[in-house]
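For reference, the structure discussed in these notes is given below.
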Amino acid sequence: MLDLKFVRDNMDLVEDGLHKRGSNIDFGEFKKLEEERRKLLGTVETLKNRRNTVSEEIAKMKKMKENADNLIVEMREVSQQVKDMDEKVKEIEDALQTFLLNVPNIPHPTVPAGAGDEDNEILRKYGEPRKFDFPAKAHWDIGEDLKLIEFERGAKVAGARFVFYRGWGARLERALINFMLDLHINEHGYEELFPPFAVNSQSMTGTGQLPKFAEDMFKIEKTDLWLIPTAEVPVTNIYAGEILKEEDLPIYHTAYSACFRAEAGAHGRDTRGLIRQHQFNKVELVKFTTQENSYEELETLTRNAEKVLQLLELPYRVVVLCGGDLGFSSAKTYDLEVWLPAFNAYKEISSCSNFEDFQARRANIRYRPGQGGKPRYVHTLNGSGLAIGRTLSAILENYQQEDGSVIIPEVLRPYMGGISKLAKN
RNA sequence: GGAGAAGUAGCGAAGAGGCCGUAACGCGCCGCACUCGAAAUGCGGUUGUCCGCAAGGGCACGUGGGUUCGAAUCCCACCUUCUCCGCCA
């Protein structure tokens, strides 16, 4: 959420920023409501002041056994007016709040202009896409041939976009989770969290999934709970409503979670394979930083996620998202895209974003500056480190051999009971 | 799920209709004094937010309502925590 005062005082900046996203929001109603709010506040606060002082007078008169009936009658009237106006103020403030909750973040100045993913800028590449001297198979075929993944039984038990991992496939999924967590904990300084996989509406609002994106998520019936679409939600909200100490910043958390996405509007897209599932696993990276350091921290967070791909020796590239492709809450995002031979393309496997104070304002996460003084909003960042299913897909496709087997990347072997290859048995 | 108790500043806690929310008292933290320095001691400071150029004012005692001229205090609902019982991996 953007700051009300900031929007009010920097209308041009806000409109330029939103324009860069290709988003057109009319602020006319906002300006009107905000003016009315301030006018009303002035009046109602004067009335409240009157009520407070007169009530004190009444107390004194009663003590002196004087008759205060006239004042009491007057105050009855004043109190009714206050009540009515308070109600009106609340209505206006709710409307302003709702409006602001639906306004996306303003892109950072370094975010390139553009309408969609074709306008994203490629920053760097790692590795070379492998040239196959045999027909390369897609991961869903490899997965079924080697009995690692069962798509049909997943669909039978839960529906489309659900799978069973089986045997060494399940083991590989688990190995990837542990490998990534261990890397971030041991080498990159993150503290592990194991979060709730369901959160309430307030938390979903805190990170920006609500109110706009309810249809992308699974709601648990008869409750105020939602299945998390990413560990970002519980992990970012862990400090909601708190004032942290500057000396405790930056805070780095990593967390494994299952992620649940309704994928509404994705009918017919990526219907085969593991790329787009209703439930998938992910290791997430989340940072809480001072306002000054967040962009440096975005660089290191991105490098931390890249490290996973480097150690797995998977070819990838890093792109910076253009304004039109930027997520609702993000000010700047780097996507990591891994090479998938079956698609003959790079596919998103991690998204690393700086939300600046956009989420912190919604979730009310602040820190007290070391020098003392007013609390300030933290900056929050997060990135996948990485999406597990897509990583597994990339391994199957990039490490496949002509005989149908799949070599296991060196770094994963300790997590796979020492085996070096998945083959038909 | 049933019964009971409790939610007040960073923590503990007082407060029972107006003199109590820049919130007693204790701990913690910051500053100063004393000291060669430290400890101990003493003195002072230490919630957030909204409106306003400012002066000043408003709001907040888990959350939301209600009663009242006036609510931390009385009433209702909800949330959370704790204790006991039941159930359960």
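Proteins get letters first, then strands, A, B, ... in listed order; numbering begins at 1 in each. For the numbers below, each heavy atom of this structure counts, side chains included, while hydrogens, waters and symmetry mates do not.
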* To do: Using a strict cut-off of less than 4.0 Å between a Lys/Arg side-chain nitrogen and an Asp/Glu carboxylate oxygen, indicate whether A:E232 and A:K282 qualify as a salt bridge.
  => no
* Once you round it to whole Å, what is the distance between C1' of B:C59 and CG of A:L40? -> 16 Å
Listing time: all N or O pairs from protein to nucleotides 48-52 of chain B that are below 3.5 Å?
from	atom 1	to	atom 2	distance (Å)
B:G48	OP1	A:R368	NH1	2.5
B:G48	OP1	A:R368	NH2	3.2
B:G48	O3'	A:R366	NH1	3.2
B:U49	OP1	A:R366	NH1	3.2
B:C50	O3'	A:R37	NH2	3.0
B:C51	OP1	A:R8	NH2	3.2
B:C51	OP1	A:R37	NH1	3.4
B:C51	OP1	A:R37	NH2	3.4
B:C51	OP2	A:K5	NZ	3.1
B:G52	OP1	A:R38	NH1	2.5

* To do: Classify the nucleic acid contact of A:K62 as base, sugar-phosphate or nothing, counting any heavy atom under 4.0 Å across all strands shown.
  => base
* Asked: Rounding to a whole Å, what distance do you find between A:N200:CG and B:U63:C1'?
  -> 13 Å
* Are OP1 or OP2 of B:G58 and a side-chain N or O of A:N52 less than 4.0 angstrom apart? -> yes
* Asked: Roughly how far apart, to the nearest Å, are B:G65 and B:C85 at atom P?
  -> 38 Å
* Pairs meeting criterion ring-ring contact (aromatic ring centres under 6.0 Å, His included) with involvement of residues 43-68 of chain A, two or more places apart -> none
* To do: Whole angstrom is fine here: how far is it from CD1 in A:I72 over to C1' in B:U68?
  => 10 Å
* To do: Give the rounded distance in Å between these two atoms: CG of A:L47 and C1' of B:G57.
  => 13 Å
* Between A:Q202 (CD) and B:G62 (P), how many Å, whole number? -> 17 Å
* **Pairing partner of B:A5 (Watson-Crick or G-U wobble, both distances under 3.5 Å)** => B:U81
* Asked: Between A:Q279 and A:F162, which heavy-atom pair has the shortest distance, and what is it?
  -> CB-CE2, 3.8 Å
* For atom NZ of A:K90 and atom C1' of B:G58, their distance in whole Å -> 17 Å
* Tell me the ring-ring contact (aromatic ring centres under 6.0 Å, His included) pairs involving residues 201-220 of chain A, sequence neighbours left out? -> A:F213-A:F328, A:F218-A:H278
* To do: Kindly state which residues belonging to residues 74-83 of chain A come within less than 4.0 angstrom of RNA chain B, counting heavy atoms of the residue only, listed by number.
  => A:M75, A:R76, A:S79, A:K83
* To do: Between A:I58 and A:T46, name the one whose nearest nucleotide on RNA chain B is closer to the 5' end.
  => A:T46
* **N-O pairing of A:R413 and A:E410 below 4.0 Å** => yes
* **Complementary nucleotide for B:A39 - Watson-Crick or wobble, under 3.5 Å** => none
* Among residues two or more places apart or on two chains, list those pairs meeting ring-ring contact (aromatic ring centres under 6.0 Å, His included) that have a residue in residues 53-112 of chain A. => A:F27-A:F99, A:F30-A:F99, A:H108-A:Y295
* Structure fact -> Residues pairing under side-chain hydrogen bond (donor to acceptor under 3.5 Å, both in side chains) where one sits in residues 5-28 of chain A, two or more places apart or in two chains, turn out to be A:R8-A:E34
* To do: Using only heavy-atom distances, determine whether the side chains of A:Q80 and A:D84 contain a donor-acceptor pair under 3.5 Å.
  => yes
* Structure fact -> Rounded to whole Å, the CD-C1' distance (A:E246 to B:C29) equals 16 Å
* Is the distance from OP1 or OP2 of B:G57 to the nearest side-chain N or O of A:N49 less than 4.0 Å? -> no
* Whole angstrom is fine here: how far is it from CD in A:E247 over to C1' in B:G10? => 12 Å
* Asked: Do the ring planes of A:Y190 and A:H188 sit parallel (below 30°), tilted (30 to 60°) or perpendicular (above 60°)?
  -> perpendicular
